[in-house]
Each structure stands twice: as structure tokens, then as C-alpha cells.
Amino acid sequence: MQANNPQEVMPAAVDVDLSRPRSRPRRLTGMERFKSWLSSSGWYLIMIVFALITALPFLWTALMSVRPTSANIFQTGRPPQIIPYPGMIGWGDGLSTARREGEYIVLPNSEEAREGRPVGVWRNFEPAMRERIEGTALEPLAFPATTANYHRVWTDVELPRYFLNSIIVAAGVVFLQLLTSSLAAYPLAKMQFAGRDILFYVILSTLIFPEQLTLIPVYIMAVNYLGFVDTLHGLIIPFGANAFGIFLLRQTYQSIPNELIEAARIDGASEFGIWWRILLPLIRPGLATLAIFSFVGSWNNFLWPLLMLRDTSLYTLPVGLAFLEGAFTGNLRTVAAGIVIATVPIIIVFLMFQRHFIKGLAGAVKG
Amino acid sequence: MAMPAYVSNQETLAEGAQRRKRRRLVTAYLFTLPAMSFLIVFLFIPLFAAVYLSFTNYNLLTAPEWVGTHNYSRLFDDPLFWRGLRNSFIYLICTPILIVLSIALAIVVNRPLRGVSAFRALYYIPAVTSIVAIGMIFEFVFAEPAGLINGALLSLGWIERPINFLTHPDSTLISIMFVTVWRGIGFYMIIFLAALQSVPDELYEAAAIDGANKLKQHWYVTIPGIRASIIFVAIISSISALKVFEEIWIMTNATGGLLDSALTLMFYLYRQGFINLELGYASAIAVVFTIITLIFSIANLRFLERNTDAS
């Protein structure tokens with residue numbers, strides 16, 4: 001079975017350089033600069049409008065996640081409350097005390113903690129902040145933000161565990177796919193043997209079948225024979241090989257000169273030794289592409305874990321997220337906080353590895 | 001007369017070559033063994049099993065019962081199957097919209113403007129965010145009456161009653177399609193950007209000399225220059241439009257929408273297979289589904305092959 005989102009089929013060899021525009025404009029005179037500013041401002045306008053369309057849903061969710069009460073952001077006859085300022089900020093126990101008294105501080109290893117009082121740090125900044133904002137133009141737009149929703153979703157739902165499960169599953173899938181694909185692609189690219197081309201085309205032709213076709217039989221096997229229900233390895237093993245990965249790495253192997261392998265064979269190296277010591281280091285870019293590709297596929301996989309898991313402690317992040325609404329009926333602030341916690345790490349990882357990401361996932365299309 | 005020594009020598013050489021060839025064969029297949037074992041168990045066998053199951057009634061508990069083509073004739077008379085088919089084809093409207101918007105955006109961010117890389121990265125973020133999270137985010141955006149869109153429009157006084165994005169049978173599917181387009185633009189933009197950057201600048205200069213304005217330049221130079229990418233995107237976005245599932249599951253709370261208004265073929269497969277446990281019937285849906293996507297998949301595969309040969 002293959003978890004390939006068709007959007008992600010065919011990662012690639014084309015390197016789009018996101019980090020820098022193709023060419024820098026030359027230095028311009030004052031008037032020219034004004035003219036170019038004028039002409040480029042139209043382009044900026046388009047880009048900003050589209051940036052807003054992209055970012056607003058995320059910002060809206062972030063805004064909801066720090067709301068102190070269930071009151072709506074938009075209320076009739078009032079300006080929207082869209083500017084957060086520090087309100088009840090903190091972590092741990094003692095929130096209700098802090099609501100009454102304005103503050104609750106019991107640090108771990110402190111005397112009070114040793115006496116048995118629950119550990120937590122909360123402080124209500126609202127009164128102090130409100131004084132500053134009062135009377136300014138910002139006042140009608142501002143609201144006191146809180147970390148309480150984050151604390152609640154972090155402790156009430158086992159989000160950290162979902163994270164861990166997702167990481168274990170994704171790591172397992174990436175490891176297996178890299179191993180099986182890099183092993184299988186080597187003879188397909190670099191050895192002459194009977195049946196090679198048939199084997200390759202059989203593997204390649206499986207790409208035309210949607211995973212929906214194999215879903216039901218694999219499900220039956222997983223439930224009736226393999227005991228995959230409520231196990232993490234059951235989320236990994238069905239994705240252990242990837243026809244597309246074999247195809248991708250075969251291409252990478254083909255770019256390695258035959259002389260290199262011949263020379264190693266003459267020196268008496270075994271085929272396995274050649275693969276492990278010489279070829280694997282050389283196909284690292286292809287491996288990185290496949291790794292990113294299978295990681296994102298596994299990280300976002302929803303249907304298979306949904307079918308396999310009943311035990312909530314084994315939920316992966318997407319499944320845990322999907323059931324968040326059930327867990328906090330009506331409390332959308334907490335749900336929003338859960339979404340932020342689940343999304344921000346992957347966005348940070350993306351921004352850190354932007355170039356590799358794009359290279360790995362964008363199409364290899366020669367225009 | 002003694003046999004010349006070299007004859008026997010040649011024989012051992014031939015035998016040696018034979019032996020090496022055999023060893024190479026064994027080695028080659030050993031290398032493919034791990035991948036092939038996974039593929040056989042989780043891909044090849046299930047492919048045939050799916051076709052077999054589509055001719056049976058099966059509910060996981062009792063043995064499959066052969067019913068011939070009954071499942072297929074049942075499909076033919078099943079209004080929900082036709083509903084799913086219709087909705088899946090409606091979903092294909094996403095493809096041309098995605099192509100036009102992402103080409104336009106790619107052209108915009110292909111200009112050497114200051115800070116353009118930050119915009120490109122921002123546009124790509126939805127593509128790496130999980131569909132589940134995005135579906136939930138858009139439930140907040142579409143919420144009534146205080147979601148992002150309804151809240152803003154109501155408080156501006158532009159509408160009097162909230163728009164029923166996900167709570168009216170006529171609008172549910174369109175609202176979900178909007179999310180698919182929203183998520184896809186950045187992804188396909190990157191594909192087109194790569195293609196645009198491979199169109200030689202000289203072609204634009206030549207067109208400009210011939211008196212083509214900017215718009216005409218794009219029509220006569222850009223579009224033909226990125227033709228291959230357009231075909232590629234058309235294929236993969238059509239396939240993913242047919243396969244759409246998560247968005248619908250999340251945004252209709254696993255129901256398929258009011259009055260099954262957002263029921264696609266894939267969602268119907270899920271419902272029959274895993275909710276009603278009609279695994280034989282669901283397999284028949286899967287087979288039909290496969291035949292439909294096959295048209296697109298084969299095009300995709302041929303495209304892939306052609307590009308491999310070229311490189």
C-alpha cells in the first residue's frame with residue numbers, strides 16, 4: 001500500500017531557489033527608483049493580498065487559541081477584538097486561585113511544593129495592562145490573551161503522546177522506505193540480470209493504481225491476520241516499500257559512473273560492500289528527497305491510522321486532532337490551541353529546511 | 001595426441017562466466033527481496049484480492065460469499081453511487097482553477113522583487129500543513145455566525161444573515177473545494193515557478209521586439225514554454241481531486257455533508273467499507289474508482305517515463 005498523496009507524486013530534480021530572486025536589479029537613480037517603486041508596488045499589492053488570503057485562516061486560529069472566554073471576536077455594533085495583550089499568563093496548576101487572587105506561584109522544588117501544594121505559575125497581567133491601554137485608540141480592539149487554553153489541551157488530551165507516536169511512525173516509515181528502496185534500486189539501475197526490465201516495469205506500473213484499491217484487502221489482512229489493530233508497527237509496515245521511491249533512487253543511481261563500480265568489483269569488493277560503502281554516500285541527495293517525501297506523507301497520513309486505532313493513547317497527531325472537537329465540545333478555544341501546537345512545529349521545520357523541502361516535493365518538470 | 005591445454009582452460013572460463021552470471025542473478029534478486037516482499041504482501045496480492053472481493057459479499061466475520069456481478073448491478077441502481085460519481089466529477093473543477101491561479105501567482109513571484117522569497121515560502125506553508133489541521137482551521141473560518149468570514153461580513157454590514165458554508169446542501173461541496181484550491185495553489189505555484197525559470201529570457205525579448213505587450217508575451221511565450229508543467233499539474237491535481245477524502249471527513253464531521261451533499265466516490269467507499277462493513281460492495285466501488293483514475297494515472301505514468309528518457 002502506498003500513502004502517496006498524488007499531489008506529492010514525483011519529487012524532483014528541479015531546484016527552485018526560494019532563498020533569493022533570480023537577479024538583482026541594478027542600482028538606479030532617484031527618478032528611476034521612484035518609477036520602479038511605482039511599478040513594483042502593484043506587484044507587491046497582489047502579493048500582499050494573496051499573503052493575507054494564505055495567512056488569515058492561520059492567524060484567525062491563533063487568535064482564537066488565546067481568547068480568555070467564549071465571547072466572539074466579532075460582535076455586532078462593536079469593533080472586532082483582534083489585538084491581544086497579556087492577560088492570564090502561566091503554566092501548571094493554580095489557575096483558579098490566580099483568577100481569584102491575581103497570582104499563583106509555586107515553583108518546583110520550592111518549599112511550598114515540598115509541603116504538597118501543586119506546582120504552577122500563573123499571573124494575571126490584565127489589570128496592569130488595561131490601565132495602559134485605557135483611553136488609547138487601541139482599547140476597543142484589544143483583549144487580554146491567555147495561555148490557559150494551551151495548558152488545558154496539553155494536559156487534558158495526550159498531545160505530547162500523539163506527537164511522539166507520529167514521530168515514531170514517520171521515522172519507521174522513512175527508515176524502511178529508504179532501506180528497501182535503496183537496496184532494490186541498485187540492481188535495477190546498475191546490474192545486468194535476467195528479468196531486470198520486467199521487474200522494473202512491474203514495480204513502476206503499480207504506480208497507476210490508487211491506494212484506495214488496495215485499501216480494503218490490506219485492511220482485511222491487518223485486522224484478520226496480522227493483528228495490526230491498535231499497534232504502531234501496524235501503521236509502519238504496510239508502507240515499508242514505495243514503488244515511487246525505487247523509481248526515484250534508480251534515477252539517482254544511474255547518474256553514478258559505471259567505472260566506479262567496476263573498479264570496486266575488480267578490487268574484490270562484494271556487491272553489498274559496494275552498495276554500503278561507495279553508493280549510499282553518493283546517492284545522499286536522492287535519499288534526502290525520498291526521506292522528506294515519505295516523512296511528510298506519513299506525518300499527514302490520516303485514513304490508515306483512523307482505521308487501525310481505537311486506543312486513544314496510540315493516536316497519531318492527525319487522528320488526535322480530528323477527535324479534539326469531540327473531546328472539547330463547544331470549547332473551540334482549546335481546539336484552536338491544539339491545532340496551533342500541532343501545526344507550528346512542522347511549519348518551523350519547513351522554514352528551516354525550505355530549500356530541501358521544495359526540492360523534494362515540487363515537481364520535476366522540465367518546462 | 002594430448003588435448004591442447006587451452007581448450008580445457010576455455011571450458012573453465014565459460015563455466016566461470018556462467019557461475020558469475022548466476023551469482024549476479026542471485027545477488028540482484030537478494031537486493032530487491034526486502035522491497036519486493038513488502039510490495040507483494042501490501043500491493044500485488046491486495047490488487048488481485050480487491051478485484052476478487054468486488055464479486056463477493058464480505059463483512060470481515062463470515063467467509064466471503066461469491067455473488068457474481070451483483071455488486072456492480074447494485075452500484076448501477078444505487079443513487080448514492082451516482083451522487084458520489086457526480087460530486088467527484090464536480091470536484092474536478094478545482095483543476096482548471098488551480099492551474100490558472102497558480103500560474104498567475106508563479107508569474108508574480110518570479111519577478112526579482114525585494115522580499116519575494118518570503119512571500120514564496122509563505123504561500124507554500126499550506127502545502128506542508130496537514131489536511132486535517134487545515135480542515136479544522138476552515139471550520140473556524142466558515143463558522144456561523146462568528147467565523148472569520150461571517151463575523152467580518154456581518155459586522156461590516158455587508159450581509160444580513162450568515163452564509164451557510166458548511167450547513168447547507170447546496171454550498172458544502174463548493175466550500176470544501178475552496179479549501180482544496182486554497183491549499184493547492186502554493187504547491188502548484190512552485191512547480192510552475194520551476195518551469196518559468198527554465199523559459200529563456202531571449203524569447204521574451206524577441207517577443208517584445210515583435211511588439212507584443214506584457215500580456216501577449218505571457219500568452220505566446222510563457223504558456224507554450226511551460227506546457228509540459230501544465231499537463232503534469234492537470235494530471236496530478238485531477239487525480240488528487242478524485243481522491244479527496246480528509247477535507248470532507250473533517251469538515252462534514254465524518255457524515256459526508258447534509259443530505260450527503262458532499263459525498264464523493266472516495267467517501268462513499270469509506271462509508272460502505274468501514275462504517276457499514278460491506279467490504280465486497282466497497283471493493284466494487286474501489287474498482288470503478290480505479291478505472292476512472294486509471295485514465296489519469298496512465299497519462300501520469302507515460303509522462304513520467306518520457307521525462308526519464310529525456311534526462
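Order of the sequence lines sets the chain letters (A, B, ...), proteins ahead of strands, with each chain counted from 1.
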Part of [X] lying under 4.5 Å from any heavy atom of chain A:
{"X": "B:Tyr52", "answer": "neither"}
{"X": "B:Asn150", "answer": "neither"}
{"X": "B:Phe245", "answer": "side chain"}
{"X": "B:Leu269", "answer": "side chain"}
{"X": "B:Leu60", "answer": "both"}
{"X": "B:Ala152", "answer": "both"}
{"X": "B:Ile285", "answer": "neither"}
{"X": "B:Tyr58", "answer": "side chain"}
{"X": "B:Ser155", "answer": "side chain"}
{"X": "B:Tyr270", "answer": "side chain"}

Please confirm whether B:Phe119 and A:Phe50 have ring centers closer than 6.0 angstrom.
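Ring-ring flag for B:Phe119/A:Phe50: false, centres at least 6.0 Å apart.
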Interface residue of largest heavy-atom contact number with chain B, from A:Ile216, A:Asn72, A:Ile246, under 4.5 Å:
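If we count pairs closer than 4.5 Å to chain B, A:Ile216 comes out on top.
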